[in-house]
There are 2 protein chains.
Amino acid sequence: MELSERKKKILKSVIDSYIRTGEPVGSKLLTGTSDLQVSSATIRNEMSELERMGYLEQPHASAGRVPTAEGYRTYVDGLMEQYLLSLEELKVLNEVFNYKVSEIERLMESASHAISEMTNYTSFSVIRPSGRNAKRFETLYIDEHSFLLIMICTDGSIRNRHVKVRMSVDPEMLKTVAEALNATMSGVCSEDVTLQSVLEFEERLGAHSGIAATVLRVIYDMLNSTNSEKVHIDGVTKLLSYPEFSDVEKAKDAIALFEDRRDFAQKIMSRSTDEKGLTVHFGEADLPDAGIVLQPIIINGKTVGAIGVMGPKRMDYKKVIASLQYFVDNVGKQFEGEDRNEQEHRKKP
Amino acid sequence: MELSERKKKILKSVIDSYIRTGEPVGSKLLTGTSDLQVSSATIRNEMSELERMGYLEQPHASAGRVPTAEGYRTYVDGLMEQYLLSLEELKVLNEVFNYKVSEIERLMESASHAISEMTNYTSFSVIRPSGRNAKRFETLYIDEHSFLLIMICTDGSIRNRHVKVRMSVDPEMLKTVAEALNATMSGVCSEDVTLQSVLEFEERLGAHSGIAATVLRVIYDMLNSTNSEKVHIDGVTKLLSYPEFSDVEKAKDAIALFEDRRDFAQKIMSRSTDEKGLTVHFGEADLPDAGIVLQPIIINGKTVGAIGVMGPKRMDYKKVIASLQYFVDNVGKQFEGEDRNEQEHRKKP
DNA sequence: TTTTAGCACTTGTTCTCTACGAGTGCTAAT
DNA sequence: ATTAGCACTCGTAGAGAACAAGTGCTAAAA
């Protein structure tokens, strides 16, 4: 069922006002505000219908109206006007890029910080672990009892561990280890390691097989451990400033969401992966009074992570959405661009 | 001024009771409890004196007594009995060690988690950044446009970066880079880099000097960036369960302490460095209702970090202290032991 | 048919007042 | 030195009144 033009105007005004003040909005308030040139009684009738249609609700009989989830949905889907980032805000956001951080992780962290400061809500970033398949191994002699074990993954990322051993090592032996690893373990992920490959690895080590167990344990650890999402969270306390969370129990529920970062990351990524654009979630995850805006970060077609904002359900969506979109657009430029460069280079030979 | 035996008993009983219930404790309550065989009137007199002496105070005229910071101090310094960790608790703590994590960082993280669960307070661990002096550099060829730059520090720690460049690189050239770095930059920390060493580095690169700027920038970044404390925090929401923090403003103050991790780490380390044992802090850092127990982690005479617990001022100190001490004792065994091994090995040649 | 003015009704908030309970300090007796 | 007794203080909980905000409905006006 379509909303009349006037209903849309009223719904928009109600939500705008509620977002600003946090107070239920009554019919009289709207006569003064908005460009509606009708009496409060008319507005009352319209609001009553909007309530029947599921866009508004009353906290109690004699209070004004408050938007429902459905109300917010239509608001962000079309009613709200676009927010133009101020010069000040653009400056803050651009600083994130000016610093020229090459790692996406730090870039998203500082963006998350900037956005939290700008919007005064909690902001977070999640980076999904990528390609856990080993492509190549290298070893590097450090001293008689330690060496660096380096794993180059299929996605180009690199992991390494400083391995300390009781026995003596020397560069020659380490070379053997690397060769044996490359011969038997390249291309594996942690589930792929078979008994056969382990045995072959030990065999290839020959006289140095004493070191096999240690090396295998480290590799197993490397394949698994870095395999976790990187989570950054900024401005948790900001949430506590909003009356929605002035009750400690609710505050607790909200903050608890960020407590177990692993779990949080999984929740976020499971919502981001199938989406290719920004999504808005109202009152989910046992947080009836919270809203979450989620922006997946996609580079070269792959969802590498997500950045988002959590605030009270009545948060300033247009500002939040504008900030997140500005960020993701520029990340796109920066990283897709870089990739094109790489491809150019690769064409040469 | 020394406290009489009876005053001590009373002070201890008051604090024990207050820690248990969180309610101000009155004279009548104590007659039933403790082994004091005196009337409430006598206790009243004693409590009145304890108040005059600064160990107790009254929230308001008709309420019971509550310990002052001074009261807590004498309590933890000698009045409280020792807490014996239950088998259950020992099991939880031991699991941390059984997992045989070699990195102190993860070890402290899981200990922090375990202790937070055990005590139901917030627990944190901080690891101080160590030795930022470069001892040796290595390079490792990855592909035509990228290589791994490895920095081995004087304290044995290792840092590395995956460097991507536009120009073509090859193993031979990388060897030159490593040699040039070792000749000019070994032993430096970020403040030590002089113009002279930079020029010499470029000179030694010879035909490959085009790569100098990139390499130098990466090294500068490595010297500085990893130079930050690693902070882990566990169980923040647990704080919110205590009436001390049921007011959102207070909760906010408490949680804000953990918000800026860098700042938090600095605060913690500055309190831990000069201490060689466990310290207890009452109501500091603008948190009048909080208490912090801090245990520096010292390995081979060096303070490498700290682990601690934050809870309401009336937290169960004996349990918290017992847990932290159990942990630090075992960390000592594990790591000092490992070090002895290393030294044995080194004696051989 | 749509809009509006008017009014009775509902409900939450704020304030005051009262009663109560917990705990103290003091006095006088033991 | 200890204790029983008692008057006093202060915070909390509850009841009731006054009030404000906002609604739905009715009937009149456009």
Side-chain angles (χ1 to χ4, degrees), chain A residues 3-11 13-18 20-68 71 243-244 246-247 289, chain B residues 3-11 13-18 20-68 71 243-244 246-247 289:
Chain A
L3 286 171
S4 73
E5 215 40 51
R6 192 168 68 185
K7 280 206 180 57
K8 281 187 190 170
K9 256 188 197 165
I10 290 178
L11 181 55
S13 295
V14 169
I15 300 185
D16 277 337
S17 165
Y18 185 64
R20 203 161 354 95
T21 67
E23 297 292 311
V25 1
S27 56
K28 206 166 282 177
L29 190 74
L30 289 196
T31 57
T33 326
S34 73
D35 45 354
L36 279 303
Q37 293 305 345
V38 287
S39 78
S40 70
T42 309
I43 296 187
R44 257 201 308 282
N45 289 332
E46 294 281 54
M47 283 168 88
S48 165
E49 268 196 86
L50 281 168
E51 176 164 10
R52 211 177 29 75
M53 297 162 78
Y55 296 100
L56 295 177
E57 65 188 341
Q58 281 182 293
H60 58 85
S62 77
R65 297 317 205 286
V66 157
T68 61
E244 279 79 350
S246 65
D247 176 22
D289 299 315
Chain B
L3 286 171
S4 74
E5 216 40 51
R6 192 168 69 185
K7 281 207 179 55
K8 283 186 189 170
K9 258 187 195 164
I10 291 178
L11 180 55
S13 294
V14 169
I15 300 185
D16 276 338
S17 165
Y18 186 64
R20 204 162 351 96
T21 67
E23 298 291 312
V25 2
S27 56
K28 207 166 281 178
L29 191 74
L30 288 195
T31 55
T33 326
S34 72
D35 45 354
L36 279 302
Q37 294 303 347
V38 286
S39 77
S40 70
T42 309
I43 296 187
R44 261 203 302 285
N45 289 331
E46 292 281 54
M47 283 167 88
S48 166
E49 267 197 86
L50 282 168
E51 175 164 11
R52 210 177 30 73
M53 296 161 78
Y55 295 100
L56 295 177
E57 65 188 341
Q58 281 181 293
H60 57 87
S62 77
R65 290 332 200 276
V66 155
T68 61
E244 279 81 349
S246 65
D247 177 22
D289 298 315

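Labels below follow one simple rule: chain letters A, B, ... track the order of the sequence lines, proteins then strands, and each chain is numbered from 1.
Computed from coordinates, the A/Y18 OH to D/dA21 P distance equals 18 Å when rounded to whole Å. Protein atom CG of A/L30 is 16 Å distant from nucleotide atom P of D/dA21, rounded to whole Å. When rounded to the nearest whole Å, the span between CG of A/L29 and P of D/dG22 equals 7 Å. Distance, A/E51 CD to D/dG22 P: 15 Å, rounded to whole Å. When rounded to the nearest whole Å, the span between CD of B/Q37 and C1' of D/dA1 equals 17 Å. In this structure, A/E57 atom CD and C/dT11 atom C1' are separated by 17 Å, rounded to whole Å. Residue A/L50 contributes atom CG, which lies 16 Å from atom C1' of D/dG24 at whole-angstrom precision. We find that CD of A/E46 is positioned 13 Å from P of D/dG24, with the value rounded to whole Å.
No donor-acceptor pair closer than 3.5 Å links the side chain of A/S17 to the backbone N or O of A/S13. No donor-acceptor pair closer than 3.5 Å links the side chain of A/T31 to the backbone N or O of A/S40.
OP1 or OP2 of C/dT24 lies within a sub-4.0 Å distance of a side-chain N or O belonging to B/S27. Applying the 4.0 Å criterion to OP1 and OP2 of C/dG25, one finds that B/R65 has a side-chain N or O inside that range. Taking side-chain N and O atoms only, B/S39 has no distance below 4.0 Å to OP1 or OP2 of D/dT2.
Minimum atom distance to the side chain of A/N45 is reached by C/dT4, of the listed D/dT2, C/dT4, C/dG25. Between C/dT11, D/dT23, D/dA4, one nucleotide has an atom nearer to the side chain of B/A41 than all others, and that is D/dA4. Here the side chain of A/Q58 is nearest to one of D/dT9, D/dG24, C/dT11, namely D/dG24. Closest to the A/H60 side chain, of the nucleotides C/dG12, C/dT3, C/dG25, is C/dG12. The B/M47 side chain lies nearest to C/dT24 when the options are C/dG25, D/dG11, C/dT24.
Among the atoms of the strands shown, none is found under 4.0 Å from any heavy atom of A/S40.
Where B/R6 and A/A61 each meet DNA chain D at their nearest nucleotide, the meeting point lying more 5' is that of B/R6.
Rounding to the nearest 0.5 angstrom, the gap separating the CG atom in B/L3 from the CD atom in B/E46 is 9.5 Å. Annotation: the span from A/L29 atom CG to A/T21 atom OG1 amounts to 7.5 Å, rounded to 0.5 Å.
Counting atom types as modelled, A/S62 pairs a side-chain N or O with a base atom of C/dT11 as donor and acceptor under 3.5 Å. For C/dG6, the base has a donor-acceptor partner in the side chain of A/R44 [N/O atoms by modelled type, under 3.5 angstrom].
Environment of NZ in B/K7: crowded, with over 12 heavy atoms of neighbouring residues, nucleotides or ligands closer than 6.0 Å.
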